[in-house]
Amino acid sequence: MRIGDFRASYAQDEALWPTRVQQSCLVALAVALLMLPLGVNGYVVGLACMVGIHCIAAAGLNIMTGYTGLISLGHAAFMGVGCYAAAWAAQRGVPTLLTLLWAGGLAALLGIVVGLPSLRIKGLYLAVATLAMQFLLVYVFREWDSVTGGVRGVNVPNAHILGFELLNDQRMYYLILPVAALMLVGARNLFRTRVGRAFIAIRDKDISAEVLGIDLLHYKLASFALGSFYAGVAGALLGYFYRAMTPEYFTLQLSIFYLAAIIVGGLGSMLGTILGAVFMTLVPEILRAIVALVAQWAPRATEVLSPMQQLVFGLLIMGFLVFEPHGLLEIWRRLRRSFHLWPFRS
Amino acid sequence: MNTGFDWVALAEYSAIGLLSGGLLALVALGFVLIYKGTGVINFAMGEFMMLGAYFFYTANVMWKLPTVVALPLTLVAVALVAALIERVLLRPLSGQPVISVLMATIGLASALHGGVDALWGGNNYEMPALLPRKPLTPGDILIPGQLFWSFVLAAFVIAAFTLYFRYSKTGIAMRAAASDPMTAYVLGIDVRRTQALTWMFAGVVGAVAGIVVASMTSLSPALGGAALGVLAVIILGGLDSIAGAIVAGLIVGLIESLTAAYLGGKVRDIVPYATVLIILLIRPYGLFGTRQIERL
């Protein structure tokens, strides 16, 4: 049983990961993640890439919805903006890292435009405004043939890092992993700064926050821009990963997927984001495995895969909201607490 | 310009738009009922439409029940599903922040949509026509018969509900519970029951709209999609007024018909959303909504 977590200096108090145990766990995790492609097959590496991309996108949505309380139903569309921006730039030979920044930047700019009404509207109105944006952007993706390739979609050239071509999933993994790590740590760090604290204050009660001297206009737009930036980068990575994209990918269903991810994981927490992203990436895979198993007896089973996913996502959102509103994170904390307190019960 | 503007065509498109707005107004009524009665925005309204249409198809076409039996059976079934949803999902969440309840209904929409798609398959089904097809021709305009009668039906249902809320004892209790649940509770109104009833009514309204829409076009999981557009426009009129809902429904119908005629069918689907975004930028609390005053 661990007795307490005593902090004797400011440096300790301000540390991102205060305890020795946390630090060594992180190092072990980092090593394991770096070694991962060496030990497993291509399928798992591809899955790990998707987890990374989902983590980035879900982190963006969590910054907006979980930390700042701005609900967005248009997250997938912002990923689409990032993806198409990346395709456009990559086809013109822009270096990959610059492309990521450009994709994120463009999405952030658009986020500011969409965020503008959020200054005066909130809650339901904001949800509907972002919903409207979702449909409008997908319409643009479909119709703006010269840039997005219309319904046929767009091809994204292979990513290059320092003249090194990222031909396969293994190599993409080593692009996605550091980017995801950087952005997640960045987000975690953000909430120890003035900006991040302002976001949380706005979520808890925006009028109180304003009374305390937080410029709502400034910070709500910042939150929108930041969340959209994350979505844009995730979209760009998605484009590089799949090498081709159609507008059908960025539908409302994907926005709901990310909403489900942050609810299932835990609103307002980066660890929760990661848990949610991992969980929600695995759910469709597990469903696919079950369907493949059932398909041996009932060949029609493969047809219901997509609706089954929708059904399960919906049930997960409802189930977690009713029974475990703080998500997987709370389950994880409970587990950890009982482990720490053993042999006593919490 | 010697070829003058075709005013007859415009009149025809407008009439068709307004008439098809009747059913949308019915959907809008479903949103308003639930919002007024329980303070919840039900993103799953389109899924109620879908559920109604699929239940009716199952009863009428697959089990070959006559329409007079199948229709009440369907409405009762949808009402029961709605009551179950209220009991299992919304009641435990009452008192939670708006954002959680909102997301719960989004999850509900996703689950119902996926469930229907998985059970009945994504195919298009042909529904039997319920309403007379004979077109009407007032003046030079030609109006499809089904459209006209669907409007009459919608108007009748809306009128019936309005009268019910105004004069029946349960209706008055529901209005009391909607305007101030705490006082209503103290006065001996069973608020839980009225809230369950609200959901059941909304389910029935949605089911009626869904069945009629499906009988005029065809039955597929895409059926409920129009409801989100209605929701988008309804918040402009204000979510808490039935009159606003009717106006919103008619506006959506009119705009959709006119844009489909003059700008093409692809634009039609996004027009409600574009309208909403523009209006929200200019008048954030909707066209008729009152500016909320918040205090700490």
Side-chain angles (χ1 to χ4, degrees), chain A residues 65 69-71 73 114 116-129 131-136 138-140 142-143 203 205-208 211 252-253 255-257 259-260 262-263 267 300 303-323 325, chain B residues 35 41 43-44 85 88-90 92-93 96-122 221 228-229 231-236 239 266-267 269-270 272-278 280-286 289 291 294-296:
Chain A
T65 305
L70 304 167
I71 187 165
L73 290 174
V114 179
L116 270 175
S118 77
L119 311 170
R120 298 190 289 180
I121 60 180
K122 49 189 186 182
L124 163 75
Y125 288 86
L126 187 59
V128 172
L131 180 77
M133 210 57 206
Q134 162 79 47
F135 284 108
L136 286 179
V138 170
Y139 177 78
V140 171
R142 274 201 200 118
E143 299 299 316
R203 173 195 65 192
K205 187 83 195 166
D206 55 352
I207 298 177
S208 308
V211 170
L252 182 62
Q253 206 185 335
S255 292
I256 293 176
F257 171 88
L259 215 49
I262 60 171
I263 293 169
L267 288 168
R300 275 196 66 251
E303 288 172 24
V304 298
L305 182 62
S306 163
M308 282 303 278
Q309 280 185 15
Q310 254 187 319
L311 177 67
V312 170
F313 289 167
L315 288 178
L316 279 173
I317 293 180
M318 291 189 287
F320 269 92
L321 279 173
V322 173
F323 297 111
Chain B
Y35 184 74
I41 299 101
F43 265 85
I85 289 167
V88 178
L89 180 65
L90 276 310
L93 284 178
Q96 294 283 321
V98 182
I99 197 166
S100 318
V101 184
L102 203 66
M103 288 193 278
T105 62
I106 292 171
L108 174 66
S110 177
L112 283 179
H113 196 278
V116 166
D117 203 342
L119 275 179
W120 278 277
L228 281 182
L231 172 66
V233 174
I234 199 179
I235 67 164
L236 298 180
L239 257 172
K266 278 187 196 161
V267 187
D269 297 337
I270 57 156
Y273 302 109
T275 320
V276 162
L277 263 190
I278 293 166
L280 277 183
L281 273 172
I282 305 167
R283 281 195 57 100
Y285 288 100
R291 199 182 168 80
E294 290 183 71
R295 291 188 184 82
L296 279 179

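Just so it is clear: chains get the letters A, B, ... in the order the sequence lines come, proteins before strands, and each one is counted from 1.
- Using a 4.5 Å cut-off between heavy atoms, A:L311 touches chain B through backbone and side chain atoms alike.
- The nearest pair of heavy atoms linking B:S110 to A:G314 is OG-N, 3.8 Å.
- Taking all atoms of both residues into account, the shortest heavy-atom contact from A:M318 to B:A111 is CE-CB, 3.7 Å.
- The contact between A:L73 and chain B is made entirely by side chain atoms (from C-beta outward), counting heavy-atom distances below 4.5 Å.
- Of the inter-residue distances, the one linking B:I270 atom CD1 with A:Q134 atom CD reads 12.5 Å to the nearest 0.5 angstrom.
- Across all non-hydrogen atoms, the minimal contact from B:L277 to A:A129 is CD2-O, 3.8 Å.
- For B:I41, the part lying under 4.5 angstrom from a heavy atom of chain A is the side chain only.
- Counting only heavy atoms from C-beta outward, the side chains of A:I262 and B:M103 never approach each other to under 4.5 Å.
- Contacts of A:L252 with chain B are made by side-chain atoms alone, with heavy-atom separations under 4.5 Å and no backbone atom involved.
- To the nearest 0.5 angstrom, A:I71 atom CD1 is 4.5 Å from B:L102 atom CG.
- Heavy-atom distances place both the backbone and the side chain of A:L321 under 4.5 Å from chain B.
- When all heavy atoms of A:V322 and B:L93 are compared, the pair lying nearest together is CG2-CG, 4.2 Å.
- Across every non-hydrogen atom of A:P307 and B:A118, the tightest pair is CB-N, 3.6 Å.
- For A:Q253, no part sits under 4.5 Å from any heavy atom of chain B, backbone or side chain.
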